[in-house]
Amino acid sequence: METNVQNGQPLKILLVEDNDAHAEMVMRSFEDNRIANEITHVDDGEKALSYLHRRGEYENESNNSLPDLILLDLRLPKVDGLQVLKEVKSAEKLKSIPVVILTTSNADMDVAKAYKFHANSYLVKPIDFDDFTKMMDELGYYWLAWNHKPFLE
Amino acid sequence: MKILSFYKKSSNLSRLFVLYIVLASTFITILTSAFQLYDIYKNDISGIQKRLNEIQDSYSSNIASRVWVANIKELEIALNGILRLPDIEYIEVFEGDELIIKKGSFPLSDSIVKDFSLFHNFNKKSEKIGRVHVVASLSSTYQHLIDQAITIIVSNGIKTFLVSGFIIFLFYWLVARHLVTLANFAKTLNLDALDNTLILNRNTHKEDELDHLANTLLRLQARLRKSVISLEESKITLANSEAKFRGAIESAVNGILIINQYGIITMANDALCDMTAYSEKELMGEKIEILVPDSFTNHEKLRNAYVNKPTRRSMGLGEVFSAKRKDGSQFPVEVSLTPIELEDGMMVSAMIQDVTVRHQIEEERIELLESLTQKNEELERFTYTVSHDLKSPLVTITGFIGLLKKDIKSGNEKRIESDFARISDAANTMQDLLHDLLELSRIGRQMSPNKDSDLNSIVNDAIELLHAKIKSNKAHIVVEPDLPIIYCDENRIKEVYQNLIENAIKYKSENEKPEITIGVKDEKKNNSNKTERVFFVKDNGIGIEPRYHSKVFGLFERMSTEKEGTGIGLAIVKRVVDVHKGRVWVESEGLGKGSIFKFVLPEKRKKSKK
C-alpha cells in the first residue's frame, strides 16, 4: 500500500502528546510505515480541544479536516487526557471519531475510566523499541486500513 | 363516790343522762302532786256541795214554815244553826222577792253559791213562797290544799328522786362504768400502746352487748397490732429497698435525675452533681431548666408534651443535647427518659451521659479517617504519577536507541545527533524527577521542630538563593516591611517562598518585567466572621485560568511543556503547607491577569495551664 485513502479523503491523525520525544517516535513510526497522510501534533489537552472545536489558534482550520483517529495521552498539561476524551465523546460532531489512548500508564483506574468514557482502545507504550514499532504499525493498519469509519459530513 | 366522779369527769353523755333523769323526776313529781292536789280539791268541793244540799234537804221545810208564819226569831235561830256548819259563811232568805233576813258575812275569797226555793204545802198543793241564798267560802279548802301540797310535793319528790338515783346508780353500775372502761381503752388505743388489756369488772357470765363491744375492741386492737407489725416490716423493706435503690443510683457512672410532672428536680445522684458542678441540695426543688442552656427555649414545652404522652426513650439514638453547668459552660449529653407512674401522678427518670470525651474521640476519629483517606489518595496518586512519569523517559530512551540503530544503518547523521540529544535529555529528565521525588519525600520525614521564626529573614534568604535568576529576568521583588514572627519550620517555609518566587519568574508575562510582591494581610475566613492571617506572593505573570487552580498543585503537573522543570515546585509548596496543617491556594482571574498564591498557617497553640 502506497497511500491510504478512504472515501477519497486523505487519512489524518490527531496526536495529543505532551512529550516531544514520544511524539517524534510516533510520527517517525507512521512515516516509516506510510499509513497516515497527515499527523497533527498538539502538546496539551486544551490545544487538542481547541483544534477539534476549531477555536482559538485553530479557528481557521477547515471543518472537513477533522481527524480520522485521535491518539490521546492521558497525562497532559492543563486539560488532562480523560477530560479531553470525555468532551470528545459527548460532542455530537466528534463522538464517532475513534479515540485510542496511548499512554505510559497501566493503572487499572486509568484503563477503567478510559473505557467508561468510551475510549475505543487503550494502548500502553511498550518500553521495548521493537514492540513499540510493531504496535504503531498494527495500530495504523487496524484503524486506518482495516477499520471502516463512518462517513463524516 | 364513783357516780359523782363518773359525773364529774365523764362526758356530755352522762351529764345529759343525769340532767334528763332530774328533769324527768321533777316533771313526774310535779305531775303526780298536781293530780293528788286536784283530787283533794275535788273532794273538798264535793263535800261543800253535799253540805249545801243537806242544808236544802234538812232546812228548807223548817225555814219555809217559819217564813209562812213570819216568825223571824225562830228563823234567826235556824239560820244561826246553819251558819255554824263548816265553810258556810253567808245566808239570805227571800219571801217572794223581798229579802227578809240575812245572816253572816259575805266571804272575800272564792265561794260556792247555792239557791233553793221555799215551798209551803197548802191544801195538798205545794206553793212557792220564797227562796234561800247560801254562800260557802273556799278559803278553808284552799288552806287545806296548801297544807296538803307541801306534804305531797315533798313526799313525791323524795320518792321520785330516790327512784332516779337508783336508776342512775343502776345505769352506772351496769353500763356506764364499763362504758368508761371501754372508752378509756379505746382512747388509749393508739399505735404506740397496743399491749393494754381490757377487762370489764362484771359478774355476769352471759355475754351481752358490752361484752360484744369489748371483744370487738380487743379484736380491733389485735388487728391494729398486726397492721403495726406489718407496717414496721414494710417500713424496713421500704428502707432497705430505698437504700438499695439509692446505692444503685449513686454507683451509676451516668448522671441520674428524677423530676416530677412539673419539672421539679426531686433527686440527683453524685455523678450528675459532679457533671454539673451543683450540689444535690442546690438542685433539689429547682426546675430542670436550670440544667438546660438558655438557647434551648422550648424545653419546657417539650417537657410538658412528654409528660402528657410519656414514652420510654433510650440513649444512643444519636440525639445529642447540650447541658449547662453551674458556671454556665455547656457540654454535650445524651439523655434517656423513663416515665415512672405513681399513684398520685408521674415522675420522669432521666439518665444523662456526658459525651464530651466520646464526642472528642468521634471527632478525632473522623479527622483521622479523613486524613487517612486523603493520605491514601495522595499515595495512590503519587504511585500512579511516579510510575507514569518515570516510565516516560524510559520509553524515550529505549525508543531512540532503536531509532538510533536505524539511523546509524542508513547513515543519517543529522538524525543520529538528534537521537543522542533525545536520549541524553530523557536521562536528565529522569535524574531531575528522581531528585525532585526524593526532595518531596523528605518533606514530612525530615522536618525540624516548629519554632518562632522571623519571616523577614526567611523571605530574604529565599530571595538571596534565587539571586541569579532574579537578576537575569530583571525581576523586581517588593517585600512588605515588618513581616511577622511565625511559628514554623523555617527551612521548609523558605522552600515555599523559593518555589513561589521561582514560579512567578518562570511564568512571567511576555511583555512585562516580573513584578513580585510578598506580604501578609488579614482576610475574612470562608463562612464565618473570623479573620485569618494570609501570606501571599503576588505576581504580574501570565495568570492561571480558574479551572486549573487546583490542578497546579499536583505532582509533576505543568501548565506548559515549553517551560523547564518537572512540575514539582507547587507540589512541594502544597506538601510543606499541608505538613504545617495549613492551607494553600491560588487566586487569578485568568490569562494575563497575574496570580496571587496564598497560604495560611495555624497560629501557635497557646500552652494550656493543665
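Chain naming here is simple, since letters A, B, ... match the order of the sequence lines and numbering starts at 1 in each. Note that these values count all heavy atoms, side chains included, but never hydrogens, waters or copies made by symmetry.
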Legend entry - Between CD1 on residue B/Ile542 and CG on residue B/Asn511, distance to nearest 0.5 Å: 12.0 Å
Legend entry - Over-ring placement of A/Arg54 relative to A/Tyr51, 6.0 Å and 45° cut-offs: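 Yes, a cation-pi geometry holds between A/Arg54 and A/Tyr51.
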Legend entry - Sorted by number, residues from residues 107-122 of chain A in contact with chain B (heavy atoms, under 4.5 Å):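 Listed by number: A/Ala107, A/Asp110.
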Inset, instruction - Name, in order of residue number, those residues of residues 21-29 of chain A that have a heavy atom at a distance of less than 4.5 Å from a heavy atom in chain B; otherwise write 'none'. - result: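 A/Ala21, A/His22, A/Glu24, A/Met25, A/Arg28 fall under the 4.5 Å cut-off.
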Inset, instruction - With a 4.5 angstrom heavy-atom cut-off, could you sort out which part of A/Asp32 is near chain B: side chain, backbone, both or neither? - result: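 Only the side chain of A/Asp32 comes within 4.5 Å of chain B.
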Inset, instruction - Please look at B/Lys406 and chain A and tell me whether the side chain, the backbone, both or neither of the residue comes under 4.5 angstrom of a heavy atom of that chain. - result: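 Only the side chain of B/Lys406 comes within 4.5 Å of chain A.
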Legend entry - Interchain contact, B/Glu545 with chain A, by part (heavy-atom threshold 4.5 Å):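 Only the side chain of B/Glu545 comes within 4.5 Å of chain A.
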Salt-bridge contact [X]-[Y] (side-chain N to carboxylate O under 4.0 Å):
X: B/Arg442; Y: B/Glu495; answer: no
X: B/Asp419; Y: B/Arg415; answer: no
X: A/Glu92; Y: A/Lys95; answer: yes

Legend entry - Sole residue of A/Thr104, A/Thr103, A/Asn19 in side-chain hydrogen bond (donor to acceptor under 3.5 Å, both in side chains) with B/Ser392: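 When A/Thr104, A/Thr103, A/Asn19 are each tested with B/Ser392, the side-chain hydrogen bond (donor to acceptor under 3.5 Å, both in side chains) holds only for A/Asn19.
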Legend entry - B/Ser472 (side chain) donor-acceptor with B/Ala468 (main chain) under 3.5 angstrom: yes
Legend entry - Heavy-atom check, side chain of B/Ile423 versus side chain of B/Ile397, under 4.5 Å: yes
Inset, instruction - Can you spot which of B/Leu404, B/Asp407, B/Ile401 makes a side-chain contact (heavy atoms from CB on, under 4.5 Å) with B/Phe420? - result: B/Leu404
Inset, instruction - Kindly check if the number of other-residue, nucleotide or ligand heavy atoms within 6.0 Å of NZ (A/Lys89) is above 12? - result: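 It does: A/Lys89 NZ has more than 12 such atoms within range.
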Inset, instruction - May I ask you to check whether B/Phe597 and B/Tyr497 place their ring centers less than 6.0 Å from one another? - result: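 Between B/Phe597 and B/Tyr497, the centre distance exceeds or equals 6.0 Å.
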